Peer 1: 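Please read through the structure below; I'll follow up with questions.
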Amino acid sequence: MMEYLELGHIGLIIGFLLILVGFWGVLTQKNIIKIIVGFSILNTGINILMVSLGYVKGKTAPIIDAAVAQGEGHDVSQSIVDPVPQALVLTAIVIGFGITALMLAYAMKLYNAKKTLEINKFNDLKW
Amino acid sequence: MLKNILVALVLSVMAYMFYNAYSSYETRTELTGMSHHFASKGAEEVGAANLVTSIIVTYRGFDTLGEVTILFLTASIISFFLKLKSGDKEKIIRRDTSELLVTASQLLIPIIFMFGIYVFMNGHLTPGGGFQGGAIIATGVALMIMANPNISLNHNVIHWVESISGVSFVIIGVLGIFLAGGFLDNRMFSLGEFGDFFSAGAIPIIYSFVGLKVGAELSNILNKYQKSQKEI
């Protein structure tokens, strides 16, 4: 069983679990701040998933230094993991930060309007 | 009750899909396609030791420009939402700060700022870069606000740093069209010795501007939050 769990699989399991936990939080929580925390966890799970999909067995980080052996004739692409998902996740983290900051600003506005963060109290648009 | 059943149903369908995806997953053993090109040619084409940086700033530089724009948009929307009313200027926050925090912040804030600047200036060599460095600088600002809740940050400085670094990012990108192969091409300056601080052409300059811009934008957002929670 243990040799089955290498780095790529561990990342995949953690990512899937965090996505489920975050989704559960978004669906069931009543407090707006807790919903925002749920979105943050969901976001983290997806990021971990994306990074672990770029994992290549037994390879190191995509930074060319002594560990990658940059000598002549030695192919760098044989010794590093996929750098593209990491670059995409860096973008995704920034977007996630922006979304979280915006949601918190909304939450502050909503609290100022009704003096509560209970989502069931905001039923003005319910029909 | 019905709602709980529906939630459980949705989550179990998702979990089943994830289980299928997991059981058919096999760890990759080599790079393919575009990644292979980036890995094998990245060092000589771009000259940055950190391949992630070379992808973010050069190969996908346009994407980074859009990303910075999204951050700017977020900061603008938050400023719009948390607008100050007249009379908010005199309000103060009556919250006690612990002495531990105040004393520690005096020691730590300069070090945090310096570390942030180090991280974004070495983005082409080490696992760092503009976004990370900017976030570290904003952490210092957050500590500053937590230690002195009534501190007033200088708007003008933040806005000018943000505007100038944003405009310089675009100007350097346009310079790439004339001096090198295209928009945001980093070969407009000499690539230098691989692994040196002054290497990889325009990447350290572009990333420093990105770092300053991100730091200023995040500080602006924190400042808006601080202003809008004033009471009495």
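Per chain, numbering begins at 1; letters A, B, ... match sequence-line order. Keep in mind the model is a prediction, meaning the values are calculated, not measured.
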Peer 1: Taking all non-hydrogen atoms of both residues into account, name the closest pair between A:Leu90 and B:Gln132 and its distance.
Peer 2: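 A:Leu90 and B:Gln132 have their closest heavy atoms at CD1-NE2, 3.8 Å.
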
Peer 1: Provide the closest heavy-atom pair for B:Thr74 versus A:Gly98 in the form atom of the first, atom of the second, distance.
Peer 2: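 The answer is CG2-O, 3.3 Å.
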
Peer 1: Within the structure provided, determine whether A:Met108 and B:Phe81 are in side-chain contact (heavy-atom separation under 4.5 Å).
Peer 2: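 Not in contact.
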
Peer 1: Can you confirm whether B:Tyr59 is buried at OH, in the sense that more than 12 heavy atoms of other residues, nucleotides or ligands lie under 6.0 Å from that atom?
Peer 2: yes

Peer 1: Is it the case that atom NZ in A:Lys114 sees more than 12 heavy atoms from other parts of the structure closer than 6.0 Å?
Peer 2: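 Atom NZ in A:Lys114 is crowded, with more than 12 foreign heavy atoms closer than 6.0 Å.
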
Peer 1: With a 6.0 Å cut-off (strictly less than), is the heavy-atom count around CZ of A:Phe122, excluding the residue itself, greater than 12?
Peer 2: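 Atom CZ in A:Phe122 is crowded, with more than 12 foreign heavy atoms closer than 6.0 Å.
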
Peer 1: Show the nearest heavy-atom pair for residues B:Ile55 and A:Ala87, with the distance to one decimal.
Peer 2: CG2-CB, 3.7 Å

Peer 1: Counting C-beta onward and ignoring hydrogens, is there a side-chain heavy-atom pair between A:Ile19 and B:Met14 closer than 4.5 Å?
Peer 2: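 The answer is yes, as the side chains (C-beta and beyond) meet within the 4.5 Å cut-off.
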
Peer 1: Check each atom of B:Asn4 against the heavy atoms of chain A and say whether the ones under 4.5 Å are side chain, backbone, both or neither.
Peer 2: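 Interface part for B:Asn4: neither.
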
Peer 1: B:Val10 versus chain A, heavy atoms under 4.5 Å apart: side chain, backbone, both or neither?
Peer 2: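 The side chain, not the backbone.
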
Peer 1: Find out whether B:Lys3 and A:Leu27 are in side-chain contact, i.e. whether some heavy atom of one side chain is under 4.5 Å from a heavy atom of the other.
Peer 2: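 Contact flag for B:Lys3/A:Leu27 side chains = no.
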
Peer 1: Look at the rings of A:His9 and B:Tyr25 and say which category their plane angle falls in: under 30° parallel, 30 to 60° tilted, over 60° perpendicular.
Peer 2: perpendicular

Peer 1: Flag yes if more than 12 heavy atoms outside B:Met121 fall under 6.0 Å of its CE atom; otherwise flag no.
Peer 2: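 No, not enclosed.
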
Peer 1: Quick one: pull up CG in B:Leu11 and OG1 in A:Thr28 and give me the separation to the nearest 0.5 Å.
Peer 2: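 Atom-to-atom, B:Leu11:CG and A:Thr28:OG1 are 8.0 Å apart.
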
Peer 1: Should A:Ile95 and B:Ile70 count as side-chain neighbours, where that means a heavy-atom distance under 4.5 Å?
Peer 2: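 Yes, side chains in contact.
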
Peer 1: Would you say B:Met146 has more than 12 foreign heavy atoms packed within less than 6.0 Å of its CE?
Peer 2: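 Counting neighbours around CE of B:Met146, 12 or fewer heavy atoms of other residues, nucleotides or ligands fall under 6.0 Å, so no.
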
Peer 1: For the candidates B:Glu67, B:Glu26, B:His36, which exhibits the highest count of non-hydrogen atom pairs separated by less than 4.5 Å from chain A?
Peer 2: B:Glu67

Peer 1: Between A:Val84 and B:Phe38, is there a side-chain heavy-atom distance shorter than 4.5 Å?
Peer 2: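 Side-chain contact under 4.5 Å: yes.
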
Peer 1: Is there a side-chain contact between B:Leu71 and A:Phe97 in this structure, where contact means two heavy atoms from C-beta onward sitting under 4.5 Å apart?
Peer 2: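 Counting from C-beta outward, B:Leu71 and A:Phe97 do come under 4.5 Å.
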
Peer 1: Given that the side chain runs from C-beta out, which part of B:Thr53 has a heavy atom under 4.5 Å from chain A: side chain, backbone, both or neither?
Peer 2: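 Neither the backbone nor the side chain of B:Thr53 comes within 4.5 Å of chain A.
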
Peer 1: With chain B, which of A:Ile99, A:Ile93, A:Leu53 has the greatest number of heavy-atom pairs at distances under 4.5 Å?
Peer 2: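 The answer is A:Leu53.
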
Peer 1: Please state whether the side chain, the backbone, both or neither of A:Leu88 comes within less than 4.5 Å of a heavy atom of chain B.
Peer 2: side chain

Peer 1: Determine whether more than 12 heavy atoms belonging to other residues, nucleotides or ligands lie under 6.0 Å from atom CD of A:Glu118.
Peer 2: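 Atom CD in A:Glu118 is crowded, with more than 12 foreign heavy atoms closer than 6.0 Å.
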
Peer 1: Can you tell me how far apart OG1 (A:Thr91) and CG (B:Asp63) are? Round to the nearest 0.5 Å.
Peer 2: 4.5 Å

Peer 1: Can you confirm whether B:Phe115 is buried at CZ, in the sense that more than 12 heavy atoms of other residues, nucleotides or ligands lie under 6.0 Å from that atom?
Peer 2: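 No, the 6.0 Å shell around CZ holds no more than 12 heavy atoms from other groups.
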
Peer 1: Using every non-hydrogen atom in the two residues, find where B:Ala15 and A:Leu20 come nearest and quote the distance to one decimal.
Peer 2: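 Result for this residue pair: CB-CD1, 3.9 Å.
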
